[in-house]
A.B. asks: 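Structure in structure tokens, see below.
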Amino acid sequence: MKKPSKLGEDFFHNVHEVVKLIPAGRVSTYGAIANYLGAKRSARMVGYALNGSFSLDNVPAHRVVNRLGILSGKHHFPPERPMEMALAEEGVTVIEDKVQNFEELFWDPAIELAL
DNA sequence: GCAGTGACGGATA
DNA sequence: GTATCCGCCACTG
């Protein structure tokens with residue numbers, strides 16, 4: 001038997017996997033990912049997991065924002081490459097730390113991966 | 001084991 | 001829109 005815990009290393013890993021599945025030019029939210037992983041009330045854990053994503057190069061954490069489309073984690077990015085810039089490079093318009101056209105760019109794993 | 005903290009979300013005022 | 005409170009769970013001291 002594996003670890004019976006709902007959240008743990010698997011959760012941490014799953015978050016990275018889902019984030020890596022986000023197509024360029026699209027964005028997702030902590031809540032959506034948490035919901036997809038079955039921990040919709042643990043959106044905080046998603047943010048925590050993304051914090052560990054800095055150990056990896058394949059995790060585009062800049063595509064993950066809060067439900068308002070605000071770059072909540074921009075303060076955790078290196079000043080050399082802020083989220084706003086990374087998103088702009090992919091065609092996402094960001095004004096004052098907020099994703100414009102958020103509803104259209106929103107990518108929900110629970111929906112996109114369910115098809 | 002307990003308290004504080006955190007890249008959140010929702011409800012309430 | 002802002003402020004406050006609660007819930008949820010992992011990490012750190």
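Every chain is numbered from 1 and lettered A, B, ... according to where its sequence line falls, protein lines coming before strand lines.
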A.B. asks: Could you tell me the separation between the CG atom of Asp97(A) and the P atom of dC8(B), rounded to a whole number of Å?
C.D. replies: 13 Å
A.B. asks: Whole Å only: how far is the CZ atom of Phe11(A) from the P atom of dC8(C)?
C.D. replies: 15 Å
A.B. asks: With heavy atoms under 4.0 Å as the rule, sort Phe12(A) into base, sugar-phosphate or nothing.
C.D. replies: nothing
A.B. asks: NA contact type, Ala61(A), heavy-atom cut-off 4.0 Å: base, sugar-phosphate, or nothing?
C.D. replies: base
A.B. asks: My understanding is that only residues two or more places apart in sequence, or in another chain, count here; which of them pass side chain to side chain donor-acceptor pair (under 3.5 Å) with Asp108(A)?
C.D. replies: none
A.B. asks: Picking from dA7(B), dC8(C), dC9(C), which would you name as closest to the side chain of Arg41(A)?
C.D. replies: dC8(C)
A.B. asks: Which nucleotide in the list dC8(B), dC9(C), dA7(B) gets nearest to the side chain of Arg44(A)?
C.D. replies: dC8(B)
A.B. asks: How many whole angstroms separate atom CG of Leu68(A) from atom P of dA7(B)?
C.D. replies: 16 Å
A.B. asks: Looking at dC8(C), dA7(B), dC11(C), which one has an atom nearest to any side-chain atom of Tyr48(A)?
C.D. replies: dC11(C)
A.B. asks: Work out which heavy atom in Lys20(A) is nearest to a heavy atom in Pro60(A); give both atom names and the distance.
C.D. replies: CA-CD, 4.0 Å
A.B. asks: Tell me which nucleotide among dG9(B), dA7(B), dA10(C) gets nearest to the side chain of Ala43(A).
C.D. replies: dG9(B)
A.B. asks: Which nucleotide, dA7(B), dG9(B), dC8(C), lies nearest any side-chain atom of Ser42(A)?
C.D. replies: dC8(C)
A.B. asks: Using whole Å, report how far CD1 of Ile70(A) lies from P of dG9(B).
C.D. replies: 10 Å
A.B. asks: Report the distance from atom CG of Asn51(A) to atom C1' of dT12(C), rounded to the nearest whole Å.
C.D. replies: 13 Å
A.B. asks: Between Lys40(A) (NZ) and dC9(C) (C1'), how many Å, whole number?
C.D. replies: 16 Å
A.B. asks: Are Phe77(A) and Phe54(A) an aromatic pair, judged by ring center distance below 6.0 Å?
C.D. replies: yes
A.B. asks: Atom CG of Leu37(A) to atom C1' of dC8(C): distance rounded to whole Å?
C.D. replies: 14 Å
A.B. asks: Does Asn66(A) reach a base, just sugar-phosphate, or nothing at all? Heavy atoms under 4.0 Å.
C.D. replies: sugar-phosphate
A.B. asks: So, OP1 or OP2 of dG10(B): does either fall under 4.0 Å of a side-chain N or O from Arg67(A)?
C.D. replies: yes
A.B. asks: Rounded to the nearest Å, what distance is computed from the NZ atom of residue Lys74(A) to the C1' atom of nucleotide dA7(B)?
C.D. replies: 13 Å
A.B. asks: Classify the ring geometry of Phe12(A) against His16(A): parallel below 30°, tilted from 30° to 60°, perpendicular beyond 60°.
C.D. replies: perpendicular
A.B. asks: With a 4.0 Å cut-off on N to O distance, would you call Arg63(A) and Glu90(A) a salt bridge?
C.D. replies: yes
